[in-house]
Every structure is written in structure tokens, then in C-alpha cells.
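For reference, the structure is listed below as C-alpha cells.
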Amino acid sequence: MTAIARQKFALVDVNAMYVSCDRAFDPRLRDRPVVTLSNNDGCVVARSNEAKALGVGMGVPWFQLRDLARQHGIVALSSNYALYADMSNRLVSVLREYSPRIEVYSIDESFLSLNGLEGQWPSFSAMGQAVRARIWRDVCLPVCYGAGDSKTLAKLANHIAKKRPEFAGVADLTVMPSGEMDQLLSSIDVGEVWGVGRRTATRLQAMGINTVQALRAASPKAIRAQFGVVMERTCDELRGRSCIELEEVAPAKQQIISSRSFGYTVQTLREIEEAISMFLARASEKLRAQGSRCGAVQVFVMTDRFAERDPQYCNAFTVPMPEPSDDLRMLARAALWGLKRIFRTGYRYKKAGVVLMDISGRNMQQATLFDSGVRRARSAEVMAALDGLNSRYGRDTVRLGSAAGSGRWTARFDRKTPNYTTDWGDLPIAR
DNA sequence: TCTGGGGTCCTAGGACCC
DNA sequence: TCTGGGGTCCTAGGACCC
């Protein structure tokens, strides 16, 4: 066993990314409660601090906020993803000037390796302040900066930088005296840890582990036994032992999804065909960008699950390609053929999409059929319907994934199913 | 009236083989 | 027919992230 050199990371994260991007171009939006809405102006996907202070939750449907918005003058903006992507690229190019090794983790977060940079700065806090000032000046985005001995600690530091005013947007855990660190981490809920979701947080709390500090102090063996290697790694990371590497090059995608809810329900095959063609253009562009080919194209449609009085229908069909392809026309032909197999007249369709599966170079064992994104429980009704389908079309043609347990319902498709078909036409939409 | 769109990883246990 | 061990592959399900 060789000694591992101490690693250091920073996480730079944009505050309320989408709102901040829009503010960069319209300073009148500063200091006002602002939210950014999802596609079709459906849900809140970003909130300014002022909006958060008014109690606006993440993912809340906009129509439920109308009154609150009127009362407090909340400004709602449609999302503009092209703008956000452009701003994100500018931000990353600035960050590259500060560290030679960067992982672009998401559109608004990047990890920086701090190894070997100690000599360049009086402290990492000083570096953080410099990064913040520079990004504000050149990209006009407010960021927070957190440094730690692992990516998990850097994430946590960033959380602290964001939530505790006394840190002024920069927190460095790499030099914090251990007593002070213990005290600080004792004041943070265990659920804030990267990798601890709602389910795990509940189970930890039942064991009396309520704070980050308590998780840090827990017995690794017990954690391993109860939660598996992932949580054990998280604990190691919290103790300052870095286990999660910086990923400078993003791995190729194993599946590529393109889907949208329609602004209005549509009823004709023609309309859905047009949408599917657009989805495929987007998806195949991503496929080619990563130099892959795909072996099967899946197409799915569904009605409006909230229109409880309308007849409900959702279905998917997966078409294997004669040979793996990245050609838009070939893929589109397959998808449109599949669409004809599942399209039924007499329904008002609300959502459709495509999934590129069986992508070359990645041996995917499972493909998510689609994720409805719904918070709902697995009902007895759904289970009964599933049983019916599975007995009719073959054992386990369709199954519901775990997400059901966590309140999200994911249907999964087994590609070993004959003809790659999953016909769950009778599956009712659960609540 | 109006309710987002993407992704990944781990593990237990059964099937199957020698 | 029974007993025994070692190993790999696959899949169903659970969880997490932005």
C-alpha cells in the first residue's frame, strides 16, 4: 500500500445559475425576486435568493405561484438554455486560467484540482476571493467557492460558503482547525452531504446520525454494512481521504434522451412525427459529437397524466437498427416506424421523446424506458396492470424501477425482450 | 387553463458452467 | 444419485446527481 499524497479540490458553483445569467443582461432584475421557468413555462427551475426567501420551492408549478407572485412582484422568466450554455463555457474558460486540471461537473459547477497551487496564493481563501471577483468582473456571474481535501468536502465547503454570510462566498476546509471543523459540521444536516439523498438521510437519522459530523464519526464498518460501498466512500471523503477522482474528460454517454412536453396537447400522428424528427436531430447530434453509433432507437408517447378525466395512454417501442448507425435519416426512419406501431388515435398527447440506446463502446445493461418525472407512489392498480402486461407479453416485459420507492416512477425496458418491444398500452397512469 | 428534462452507479441473488 | 466448491454473467431493484 503506497501512501497517497493529500489531494485538494475546489468546487466553484454559480448561485442560481439561470436567474443569474438573465440578470447579467438585465441589471433591473437584481435585488428582485426572480424565478426561471422550465419548458412551456411549467415549473420553477431556478430561484433568486429573494424568491427563495419568499418560500418559492424548486420544481413548483408556476400556476400555483400566481398569487404569491402578484403579492411580491416575483418576476418569472422563460428559460434560455442556449444562453446558459454559452455563459457556462465562458465561466469554464476563465476557471482554466486558475487550475490546469478541471472537471466540468454540470452547467453551473466545476471542480478544480488545487494540487501544486499552494505556492501561488497566500491561501486558498485568497484564491477563492480572486476567482469570485474575476468571474463577477468578466462573466458577470456570482459564484461561491469551496475548498476541501476531497470532492465531497469541497462540495460541502461550497454549501457553507453559500449559506453562511460570515464566509462571504468562500470557505476553505483544508486549513480549518479540527475543533472548529467538528463544530461547524455538527451544525449541518447530514442530508446536505453529496451522495446522501432523501432515503439515506431518513435511514441515517433513524440511526441517530443527524449531522455531517455524526456521519464523519460513524463506524466505517457499520456504514458499509448498512449502506454499501458508496456510502463508505462518502464517509472516507468526509474524513479527508479522497476516493473520487477528478474526471477531466467526460465519459461517453450510455444513452441519449431527447424529449419534451408539448405546450398544448396534440392529437394527430403528423404533429408527433414532426416532434420526433426534431428530437432525433438533437439526439443524433449528441451521438455524433461523442463519436458513437447506436444500435436501437426507442420512441415513446404519453398523454397528460394530470388530465385525470381524459383517457390515459402511454407506450414505447424500441426499434433495433440493422447495423449500428449515427445517420440521422436512418435513425429517424426507425423511430418514425416505431411511432406508427404505438400511435393510437383518440388520445390527447402531452409528451413524446426518443432514446438512443445500445450505444457503441458502452455496454449498457439497462436502459431507462423513460422517466415520467412524476412524484407518486407505486399503486396497487399499477402493479396489477404490470402483472397483466407481463403475463401477456412475456415475463417481466416491463418493470418499474426503484425510483418508485423514492417517489419517482421510472419504467425500465429490458432489451432482451423479443422484438425489443414493450407494449404497455393498458398501463394506467398512477397518481 | 397551467405540473421539466436529463443522466449514472451499486448489489444481491439466480442461472449457468466447470 | 448425491455431494461440494469455485467462478462468471446477468438482471431486477434501489439509490443518487444536476
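Residue numbering restarts at 1 for every chain, and letters A, B, ... go by the order of the sequence lines. The analysis underlying the following values was restricted to heavy atoms, covering all of them including side chains, and did not include hydrogens, waters or symmetry mates.
- Atom pair A:F279:CZ and B:dG5:P shows a separation of 8 Å (rounding to whole Å applied).
- Both A:R233 and A:R260 lie near DNA chain B, and the one whose nearest nucleotide falls closer to the 5' end is A:R260.
- Dashed line: the shortest gap from a side-chain N or O of A:S261 to OP1 or OP2 of B:dT3 is not under 4.0 Å.
- Not one side-chain nitrogen or oxygen of A:S79 sits closer than 4.0 Å to the OP1 or OP2 atom of B:dG4.
- For A:E237 (side chain) and A:I244 (main-chain N/O), a donor-acceptor pair under 3.5 Å exists by modelled atom type.
- With distances taken from any side-chain atom of A:N39 to the nucleotides C:dC18, B:dG5, B:dC9, the minimum falls on B:dG5.
- Taking atom CD1 of residue A:I107 and atom C1' of nucleotide C:dC17, one finds them 15 Å apart after rounding to whole Å.
- Residue A:E245 places its CD atom among 12 or fewer non-hydrogen atoms of other residues, nucleotides or ligands, all under 6.0 Å distant.
- Residue whose closest nucleotide on DNA chain B sits further toward the 5' end, between A:D41 and A:V230: A:D41.
- Note on A:Q255: every side-chain N or O is 4.0 Å or more away from OP1 and OP2 of B:dG6.
- A donor-acceptor contact shorter than 3.5 Å links the side chain of A:R239 to the backbone of A:R216.
- Among the heavy atoms of the strands lying under 4.0 Å from A:I256 are primed sugar atoms or P, OP1, OP2 only; no base atom is included.
- Which of B:dG4, B:dT11, C:dC18 sits closest to the side chain of A:Y105 comes down to C:dC18.
- Counting to the nearest Å, the P atom of B:dG4 and the OH atom of A:Y18 are 15 Å from each other.
- Side chain of A:E109, nearest nucleotide from B:dG7, B:dT3, C:dC18: C:dC18.
- A donor-acceptor contact shorter than 3.5 Å is absent between the side chain of A:D326 and the backbone of A:G291.
- Across all strands, A:V44 comes closer than 4.0 Å to no nucleic acid atom at all (heavy-atom distances).
- When both pairing distances are held under 3.5 Å, C:dT8 makes a Watson-Crick or G-U pair with B:dA15.
- The side chain of A:S38 sits closest to B:dG4 out of B:dG4, C:dC16, B:dG5.
- No engagement by A:V60 is indicated, since no non-hydrogen atom pair under 4.0 Å with the nucleic acid exists.
- The ring of A:F306 lies on top of the base of B:dT3, close enough and flat enough: under 5.5 Å between centres, under 30° between planes.
- You'll find the ring centres of A:Y145 and A:F124 outside the 6.0 Å limit.
- Taking the side chain of A:K351 as heavy atoms from C-beta on, and the options B:dG5, B:dG7, B:dT3, the nearest nucleotide is B:dG5.
- The gap from the P atom of C:dC18 to that of B:dT3 amounts to 26 Å, rounded to the nearest Å.
- Between the side chain of A:D189 and the backbone N or O of A:T211 there is no donor-acceptor pair closer than 3.5 Å.
- Taking atom CG of residue A:D108 and atom C1' of nucleotide C:dC17, one finds them 12 Å apart after rounding to whole Å.
- Side chain of A:V45, nearest nucleotide from B:dG6, B:dG4, B:dT8: B:dG4.
- Rounded to whole Å, the distance from CD on A:Q298 to C1' on B:dG7 is 15 Å.
- A:F262 has its CZ atom 10 Å from the P atom of B:dG5, to the nearest Å.
- Distance CD1 (A:I244) to P (B:dT8): 17 Å, rounded to an integer number of Å.
- Of the side-chain N and O atoms in A:K155, one or more sit less than 4.0 angstrom from OP1 or OP2 of C:dC18.
- Atom CD of A:E103 is separated from atom C1' of B:dT8 by 13 Å (rounded to the nearest Å).
- Here the nucleotide nearest the side chain of A:R199, chosen from B:dG7, B:dT11, C:dC16, is C:dC16.
- In summary, the aromatic rings of A:W194 and A:F9 are positioned with their centroids too far apart to meet the 6.0 Å limit.
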